[in-house]
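Worksheet for the structure shown next.
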Amino acid sequence: ESHRSFYKERCEKKYIEFRVNVLMDFKLRINRGMLNQVFDNLFNNSEFWLDFSVRKDLIKEKKYNIDVSERGIIVVWDNGIGISRDIETRLFEPFESKKHGRGLGLYIAASNLKYNSGRIRLLGERNMKGNLYKFEIDLSQIMQ
């Protein structure tokens with residue numbers, strides 16, 4: 001919720017529906033700044049690709065979702081174009097980027113999580129465009 005409130009004004013300005021669904025709350029042992037960097041990178045990437053998807057008339061509404069589905073598992077996804085198939089297997093490697101950025105954000109996010117005994121991965125579910133689009137953040141090993 002604090003992450004969503006941080007982006008509230010930005011989402012309103014860019015017409016992004018930011019939904020958080022918490023089925024189970026939990027506490028973590030992790031540096032807040034490192035965790036914020038993970039969520040910030042995911043949001044920034046989504047914001048760019050949601051804007052792209054609207055410009056290309058692939059979607060009408062921009063939706064960003066965070067689902068806390070079980071103990072220590074968080075799924076983050078949006079309704080944009082998804083991850084290009086040509087980089088989906090290398091997405092967390094350094095310097096992997098599509099059109100914007102330096103390709104370090106997801107690499108740093110994965111490194112931050114690994115340093116803290118967490119992990120991030122792309123789930124195998126594909127969207128209507130045939131692309132992977134859901135990120136699973138596993139924090140189960142650092143729950144209090």
Side-chain angles (χ1 to χ4, degrees), residues 1-56 58-59 61-129 131-143:
E1 288 296 332
S2 66
H3 180 63
R4 179 171 65 170
S5 66
F6 181 78
Y7 285 108
K8 183 178 192 286
E9 196 173 297
R10 195 159 140 191
C11 286
E12 287 171 358
K13 185 177 178 180
K14 298 200 88 181
Y15 304 103
I16 299 172
E17 179 186 331
F18 192 139
R19 188 183 61 83
V20 176
N21 182 28
V22 179
L23 293 178
M24 179 180 287
D25 204 3
F26 54 88
K27 292 184 180 186
L28 300 171
R29 295 178 319 272
I30 189 171
N31 176 286
R32 182 181 293 259
M34 291 178 95
L35 185 60
N36 282 342
Q37 189 171 23
V38 171
F39 285 105
D40 287 343
N41 181 263
L42 290 172
F43 180 82
N44 290 335
N45 288 347
S46 283
E47 180 182 29
F48 177 88
W49 290 107
L50 285 169
D51 287 343
F52 174 87
S53 296
V54 167
R55 279 193 317 273
K56 295 293 185 183
L58 300 170
I59 59 172
E61 298 174 326
K62 297 183 267 188
K63 297 179 182 183
Y64 183 78
N65 303 278
I66 298 177
D67 294 327
V68 182
S69 56
E70 33 184 296
R71 293 178 54 82
I73 304 296
I74 300 171
V75 177
V76 179
W77 56 281
D78 64 53
N79 68 322
I81 195 170
I83 307 301
S84 180
R85 286 181 181 237
D86 62 331
I87 64 168
E88 67 186 25
T89 60
R90 303 181 317 273
L91 195 62
F92 299 105
E93 294 177 15
F95 311 112
E96 282 302 326
S97 180
K98 233 15 190 182
K99 297 193 187 240
H100 80 289
R102 295 185 176 138
L104 291 172
L106 287 172
Y107 170 73
I108 291 169
S111 297
N112 284 354
L113 289 169
K114 186 176 180 181
Y115 177 81
N116 287 283
S117 300
R119 70 183 177 111
I120 185 171
R121 69 184 181 112
L122 269 173
L123 295 177
E125 184 178 340
R126 295 194 180 271
N127 63 15
M128 301 277 283
K129 318 292 183 272
N131 295 321
L132 300 178
Y133 70 109
K134 287 187 176 181
F135 291 88
E136 179 188 79
I137 301 168
D138 182 349
L139 304 170
S140 61
Q141 300 302 308
I142 53 176
M143 289 178 43

* Yes or no on salt bridge (charged side-chain N to carboxylate O under 4.0 Å, His left out) for K13 and E9, after CA distance, side-chain angles and deciding distance? -> CA-CA 6 Å; K13 185 177 178 180; E9 196 173 297; over 6 Å; no
* Decide salt bridge (charged side-chain N to carboxylate O under 4.0 Å, His left out) for R126 and E88; before the verdict, give the C-alpha distance in whole Å, the side-chain angles of both, and the deciding distance to 0.1 Å. => CA-CA 11 Å; R126 295 194 180 271; E88 67 186 25; 2.9 Å; yes
* Asked: What's the verdict on side-chain contact (heavy atoms from CB on, under 4.5 Å) for R121 and L123, showing C-alpha distance, side-chain angles and the deciding distance?
  -> CA-CA 6 Å; R121 69 184 181 112; L123 295 177; 3.4 Å; yes
* salt bridge (charged side-chain N to carboxylate O under 4.0 Å, His left out) between E136 and K134, intermediate numbers included -> CA-CA 7 Å; E136 179 188 79; K134 287 187 176 181; over 6 Å; no
* **Worked verdict on V68 versus L23 for side-chain contact (heavy atoms from CB on, under 4.5 Å)** => CA-CA 6 Å; V68 182; L23 293 178; over 6 Å; no
* Starting from the C-alpha separation in whole Å, work towards a yes-or-no answer on side-chain contact (heavy atoms from CB on, under 4.5 Å) for L50 and I16. => CA-CA 8 Å; L50 285 169; I16 299 172; 4.3 Å; yes
* To do: Test L106 against L42 for side-chain contact (heavy atoms from CB on, under 4.5 Å), laying out the working first.
  => CA-CA 8 Å; L106 287 172; L42 290 172; 3.8 Å; yes
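Ring geometry for H3 versus Y7: interplanar angle over 60°, hence perpendicular rather than tilted (30 to 60°). Using cut-offs of 30° and 60° for the angle between ring planes, the F92 and F135 rings count as perpendicular.
Here the side chain of N131 pairs a donor or acceptor atom with the backbone of I81 at under 3.5 angstrom. No donor-acceptor pair closer than 3.5 Å links the side chain of R10 to the backbone N or O of F6. At distances below 3.5 Å, not a single donor-acceptor pair connects side-chain atoms of S117 with backbone N or O atoms of Q141. Judged by distance alone, with hydrogens and angles left aside, the side-chain atoms of N44 form a donor-acceptor pair with the main-chain N or O of D40 at under 3.5 Å. Checked by atom type and distance alone, the side chain of K27 never pairs as donor or acceptor with a backbone atom of M143 at under 3.5 Å. Between the side chain of N116 and the main chain of G118, no donor-acceptor pair closer than 3.5 Å is present.
Heavy atoms only, all atoms of each residue included: Q37 and N112 are closest at OE1-ND2, 2.9 Å. Between G82 and Y133, the closest heavy-atom pair is CA-CB, 4.1 Å. Here the closest non-hydrogen pair linking A109 and V38 is O-CG2, 3.6 Å.
Between the side chains of W77 and N127, no donor-acceptor pair is found at a separation under 3.5 Å.
Just one of N79, D78, D51 meets the side-chain hydrogen bond (donor to acceptor under 3.5 Å, both in side chains) condition when paired with K62; it is D51. The only member of F39, Y15, F43 that meets ring-ring contact (aromatic ring centres under 6.0 Å, His included) when paired with Y64 is F43.
Between the CG atom of D138 and the CD1 atom of I120 there is a distance of 11.0 Å, given to the nearest 0.5 Å. Taking CG from L132 and CZ from R85, the interatomic distance works out to 7.5 Å, rounded to the nearest 0.5 Å. Atom CD1 of I83 sits about 5.0 Å away from atom CG of L91, to the nearest 0.5 Å. For the atom pair L35 CG and I30 CD1, the distance stands at 4.5 Å (nearest 0.5 Å). To the nearest 0.5 Å, atoms CD1 (I74) and CD1 (I66) are separated by 7.5 Å. A distance of 7.5 Å separates CH2 of W49 from OG of S84, quoted to the nearest 0.5 Å.
Considering only heavy atoms from C-beta on, R19 comes within 4.5 Å of D67 through its side chain. Side-chain contact between N65 and V76 is absent, with no heavy-atom pair separated by less than 4.5 Å.
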